[in-house]
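Atoms considered below: every heavy atom in the structure, side chains included; atoms not considered: hydrogens, waters and symmetry mates. All of these numbers come straight from a predicted model, not from anything done at the bench.
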Amino acid sequence: MSTCFITQPIHPEAVRFLHEQGLRTRFATMPTMEAVIAEVGDAEAVITRDLGFSAEAVAAAPALRIIACHGSGTNRIAVAAAARRGIPVTRAVDANSRSVAEMTIALMLAGARRICPADAAVRQGNWGFRYEGAGTELHRKTLALVGFGAIARHVAQIAGHGLGMKVAAWSPSVPDDVFAAHDVVRVACIEDLLVQADVLSLHRPASASGQPLLDAKHLELLPGHAIIVNTSRGSAIDTRALTEMLKAGRLGAAALDVLPQEPPLPDEAALSCPGMTLTPHMGATTEEALIRMAMMCAHQIMDCLGGRVPAHIVSPPA
């Protein structure tokens with residue numbers, strides 16, 4: 001009987017499905033790579049979430065036949081090391097797109113209306129917070145999207161049709177007709193996008209170099225009232241430069257669901273930064289998305305172990 005090793009909790013519906021298909025499941029005792037390396041053993045399949053799966057973990061699993069990523073980002077999985085052994089790495093394409101898009105809108109509104117500091121003020125007895133500065137109405141403001149994949153398209157639809165925002169995007173790889181179909185203005189270069197952003201939302205995958213897509217020079221191009229939202233990857237933005245600009249009053253607000261290091265260290269500057277809303281990488285954490293992602297992983301595993309080519313295999317880096 002084959003075993004599926006699972007690095008972090010997944011939806012019970014998928015675990016039940018794997019058992020019904022005749023697979024055993026084992027969970028890591030701790031959500032750490034050290035535990036995974038020590039415990040993966042003879043597993044033929046792995047499901048991993050944001051913990052990833054390192055080259056050392058691949059080497060520690062001699063019977064491994066597939067690594068299924070419970071999400072769309074595989075930057076923490078040793079895809080090249082797996083490919084050298086002929087082990088496919090799959091991802092859960094579009095399974096969480098709507099949930100992450102709705103989280104993006106929630107963070108956008110939280111920043112515009114100062115929801116988190118308002119909540120804290122009321123709990124501290126400061127009802128007068130309502131007189132300490134006005135929020136921002138998003139209607140007719142410009143939403144600038146960095147990237148225009150599935151999540152960004154959902155964001156554009158909600159913001160454009162629901163909030164009445166003007167939506168523009170930069171994405172070199174997306175064809176013109178996709179922008180036209182979503183009634184989104186295509187901007188040729190990221191610099192031209194930044195200067196017009198009332199709200200900037202990041203939707204690009206992490207760079208293989210590890211360098212932030214938006215550094216201090218890019219942030220300087222934003223209007224002083226701009227709100228920044230990041231639900232993509234923590235490495236997409238220079239968080240230290242962002243924090244410094246917020247503290248200096250040179251940006252309106254920021255709302256981050258992702259950070260360069262997760263969980264953050266106690267001395268992470270963003271933790272004490274005014275105007276910064278932080279959430280613990282929970283954009284995809286809805287009941288609906290968790291079921292879709294886990295079930296997609298489970299079906300990909302059954303396809304692989306059954307001799308079929310699973311959907312959404314990730315190509316190793318060139």
Side-chain angles (χ1 to χ4, degrees), residues 1-92 95-96 205-206 208 210 233-235 258-268 280-282 284-285 290-291 293-306 310 312-317:
M1 182 181 291
S2 298
T3 297
C4 177
F5 181 77
I6 304 171
T7 68
Q8 295 147 289
I10 65 171
H11 199 279
E13 189 171 315
V15 177
R16 200 159 44 241
F17 171 79
L18 290 171
H19 292 169
E20 289 168 354
Q21 301 303 307
L23 264 68
R24 287 188 298 254
T25 56
R26 282 193 291 109
F27 286 82
T29 57
M30 292 284 290
T32 65
M33 195 54 60
E34 291 77 13
V36 167
I37 292 168
E39 298 167 8
V40 63
D42 62 353
E44 292 187 41
V46 162
I47 296 176
T48 186
R49 295 181 65 171
D50 58 324
L51 181 64
F53 204 73
S54 68
E56 292 79 10
V58 173
L64 191 58
R65 295 173 59 187
I66 181 172
I67 303 168
C69 177
H70 186 279
S72 58
T74 59
N75 53 302
R76 294 183 180 177
I77 297 176
V79 177
R84 284 193 290 271
R85 284 184 43 198
I87 300 167
V89 175
T90 63
R91 60 194 187 107
N96 62 16
R233 293 291 174 264
S235 60
V258 288
L259 288 167
Q261 179 162 335
E262 299 176 353
L265 296 173
D267 62 352
E268 166 61 56
H281 203 152
M282 58 186 239
T285 308
L290 290 171
I291 291 173
M293 288 186 289
M295 288 302 296
M296 188 174 290
C297 289
H299 282 289
Q300 289 166 337
I301 284 169
M302 295 313 304
D303 281 342
C304 180
L305 299 185
H312 310 305
I313 294 176
V314 179
S315 299

> Which atom names give the shortest non-hydrogen contact between His312 and Met296, and what distance separates them?
Replying inline: CD2-SD, 4.1 Å
>> Using modelled atom types and a 3.5 Å cut-off, is there a donor and acceptor pairing between side-chain atoms of Arg233 and backbone atoms of Asn75?
In response: no
>> Once rounded to the nearest 0.5 Å, what's the spacing between atom NE2 of His70 and atom CZ of Arg91?
In response: 15.0 Å
> So, does Glu268 use its side chain to make a donor-acceptor pair with the main chain of Leu265 at under 3.5 Å?
Replying inline: no
> Would a distance-only check, ignoring hydrogens and angles, find a side-chain to backbone donor-acceptor pair under 3.5 Å from Arg49 to Gly71?
Replying inline: no
>> If I compare all heavy atoms of Gly73 with all of Cys69, which pair ends up nearest, and what's the gap?
In response: O-SG, 3.3 Å
>> Give me the atom names and distance for the closest heavy-atom approach of Ile37 to Glu56.
In response: CD1-CB, 3.6 Å
> Of all heavy-atom pairs between Met33 and Ala57, which one has the smallest distance, and what is that distance?
Replying inline: SD-CB, 4.1 Å
> Does some side-chain heavy atom of Arg76 sit less than 4.5 Å from a side-chain heavy atom of Leu51?
Replying inline: no
> Hey, is the main chain of Glu44 close enough, under 3.5 Å, to the side chain of Arg65 for a donor-acceptor pair?
Replying inline: no
> What closest approach, in Å, do Ile301 and Ala45 show between heavy atoms, and which atom pair accounts for it?
Replying inline: CG2-CB, 3.7 Å
> About how many Å separate NE2 of His299 and CD of Gln21, when rounded to the nearest 0.5 Å?
Replying inline: 8.0 Å
> What distance separates Arg26 CZ from Thr3 OG1, expressed to the nearest 0.5 Å?
Replying inline: 5.5 Å
>> Using every non-hydrogen atom in the two residues, find where Ile66 and Pro310 come nearest and quote the distance to one decimal.
In response: CD1-CG, 4.2 Å
> In Å, rounded to the nearest 0.5 Å, how long is the span from OG1 of Thr90 to CG of Asp303?
Replying inline: 9.5 Å
> Going by heavy atoms in the side chains, are Ile47 and Thr25 under 4.5 Å from each other?
Replying inline: no
>> Measuring from atom CD of Glu34 to atom CD of Glu39, what distance do you get when rounded to the nearest 0.5 angstrom?
In response: 11.0 Å
> To the nearest 0.5 Å, how far apart are CD1 in Ile87 and CD1 in Ile77?
Replying inline: 12.0 Å
> side chain to side chain contact (heavy atoms under 4.5 Å, CB included) between Ile10 and Leu290: does it pass, once the steps are laid out?
Replying inline: CA-CA 7 Å; Ile10 65 171; Leu290 290 171; over 6 Å; no
>> Under a 3.5 Å distance rule, please check whether Glu262 uses its side chain to pair with a backbone N or O of His281 as donor and acceptor.
In response: no
